[in-house]
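A note on names: the letters A, B, ... follow the listed sequences, proteins ahead of strands, and every chain is numbered from 1.
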Amino acid sequence: NAGVTQTPKFQVLKTGQSMTLQCAQDMNHEYMSWYRQDPGMGLRLIHYSVGAGITDQGEVPNGYNVSRSTTEDFPLRLLSAAPSQTSVYFCASSSRAPSNQPQHFGDGTRLSIL
Amino acid sequence: TQLLEQSPQFLSIQEGENLTVYCNSSSVFSSLQWYRQEPGEGPVLLVTVVTGGEVKKLKRLTFQFGDARKDSSLHITAAQPGDTGLYLCAGDLGSNYKLTFGKGTLLTVNP
């Protein structure tokens with residue numbers, strides 16, 4: 001029962017470095033998304049995908065890139081890390097639109113930018 | 001501008017007490033969801049409400065969607081320490097693919 005798997009669980013970066021947060025799901029879900037959670041801010045949608053090859057921007061997309069080459073994987077790339085990107089990042093998936101179907105979340109990646 | 005306001009922000013109660021938390025907006029939502037999140041984990045969906053005036057019960061939890069679909073409440077009866085967590089509401093503003101989350105209510109139930 002893997003569900004949604006995020007790696008790494010923790011990461012420390014220096015300003016200007018790039019990295020990719022990995023997300024994989026084994027439920028054959030079409031919809032996948034990335035959120036960031038900051039203290040006092042709730043979850044904010046970064047990017048989402050409705051299927052392989054299709055991605056779109058969420059509420060806070062600047063500084064992040066995504067791609068969806070397979071149904072299973074939805075990596076999030078930080079191009080040039082900034083301290084403002086220090087956050088907890090959650091990946092989620094659902095069989096269809098998240099307003100209609102349960103959205104399954106991973107356990108998050110805790111990212112610190114120094 | 002926060003589209004979904006949750007109150008209270010923090011709530012600490014004793015085991016056995018009842019409580020209600022609220023999720024309010026000036027916008028109309030097609031549907032609204034409640035999640036619970038425990039430390040170090042991702043949110044877990046509790047319920048989805050879609051019809052104005054709808055009431056759903058999940059054991060000791062009762063969820064209500066306002067008649068105008070602009071607000072919702074979560075009532076917990078006889079709270080237990082296992083209910084401790086961050087309760088988040090989330091709704092869609094006409095886009096089924098973009099959920100807007102509130103900031104959450106952090107509930108602590110003391111034994």
Side-chain angles (χ1 to χ4, degrees), chain A residues 1-6 9-10 21 23 25 27 29-51 54-61 66 68 74 87-110, chain B residues 1-10 21-25 27-51 54 56 58 63 65 69 72 85-107:
Chain A
N1 293 338
V4 178
T5 302
Q6 292 185 237
K9 295 189 183 301
F10 303 93
L21 279 61
C23 176
Q25 53 93 5
M27 297 171 283
H29 284 171
E30 290 297 322
Y31 180 92
M32 296 185 74
S33 57
W34 277 101
Y35 295 87
R36 58 177 290 174
Q37 186 174 32
D38 301 297
M41 294 296 294
L43 278 86
R44 291 182 291 171
L45 181 65
I46 304 172
H47 286 284
Y48 67 96
S49 169
V50 299
I54 306 170
T55 64
D56 205 347
Q57 295 180 351
E59 180 185 356
V60 289
V66 292
R68 184 97 178 268
F74 191 43
S87 188
V88 182
Y89 290 86
F90 288 99
C91 179
S93 74
S94 57
S95 57
R96 291 193 296 276
S99 62
N100 302 322
Q101 296 294 324
Q103 198 166 199
H104 300 263
F105 284 82
D107 285 338
T109 293
R110 285 141 188 85
Chain B
T1 302
Q2 186 70 23
L3 296 177
L4 275 173
E5 298 284 350
Q6 289 192 244
S7 60
Q9 187 176 358
F10 301 98
V21 298
Y22 301 92
C23 176
N24 296 298
S25 176
S27 303
V28 176
F29 288 91
S30 302
S31 66
L32 198 137
Q33 300 175 334
W34 285 93
Y35 291 79
R36 181 170 68 207
Q37 183 179 21
E38 299 188 19
E41 299 181 5
V44 175
L45 180 67
L46 297 174
V47 77
T48 300
V49 287
V50 297
T51 304
E54 182 176 6
K56 282 191 174 180
L58 184 65
F63 304 85
F65 200 16
R69 306 207 313 276
S72 180
L86 179 67
Y87 288 81
L88 296 159
C89 65
D92 75 85
L93 286 168
S95 168
N96 291 343
Y97 299 107
K98 295 183 179 182
L99 288 186
T100 298
F101 279 80
K103 296 181 180 181
T105 293
L106 186 59
L107 171 66

Would you give the length of the straight line joining atom [atom1] of [X] to atom [atom2] of [Y], rounded to the nearest 0.5 angstrom?
X	Y	atom1	atom2	value
A/Y35	B/L99	OH	CG	4.5 Å
B/T100	A/L43	OG1	CG	11.5 Å
B/E41	A/F90	CD	CZ	9.0 Å
A/D107	B/E38	CG	CD	11.0 Å

Next on the checklist: Using 30° and 60° as the class boundaries, would you call the ring planes of A/Y31 and B/Y97 parallel, tilted or perpendicular?
Outcome noted: parallel
Item to check | Atom group of B/F29 that falls short of 4.5 Å from chain A, counting heavy atoms | outcome: neither
Next on the checklist: Less than 4.5 Å to any heavy atom of chain A: does that hold for the side chain of B/L86, its backbone, both, or neither?
Outcome noted: side chain
Next on the checklist: Under a 3.5 Å threshold, yes or no: a donor from one side chain and an acceptor from the other, between A/Q103 and B/Q33?
Outcome noted: no
Checklist entry - Heavy atoms, side chains only, cut-off 4.5 Å: are B/F101 and A/R44 in contact? => result no
Item to check | Non-hydrogen side-chain atoms of B/Q37 and A/Q37 separated by less than 4.5 Å | outcome: yes
Checklist entry - Considering all heavy atoms of both residues, which atom of B/K103 and which atom of A/M41 are nearest to each other, and what is their separation? => result CG-C, 4.0 Å
Checklist entry - Using non-hydrogen atoms only, which part of A/R96 is less than 4.5 Å away from chain B: side chain, backbone, both, or neither? => result neither
Checklist entry - So which of A/G42, A/P102, A/S99, A/A92 has the largest heavy-atom pair count under 4.5 angstrom toward chain B? => result A/S99
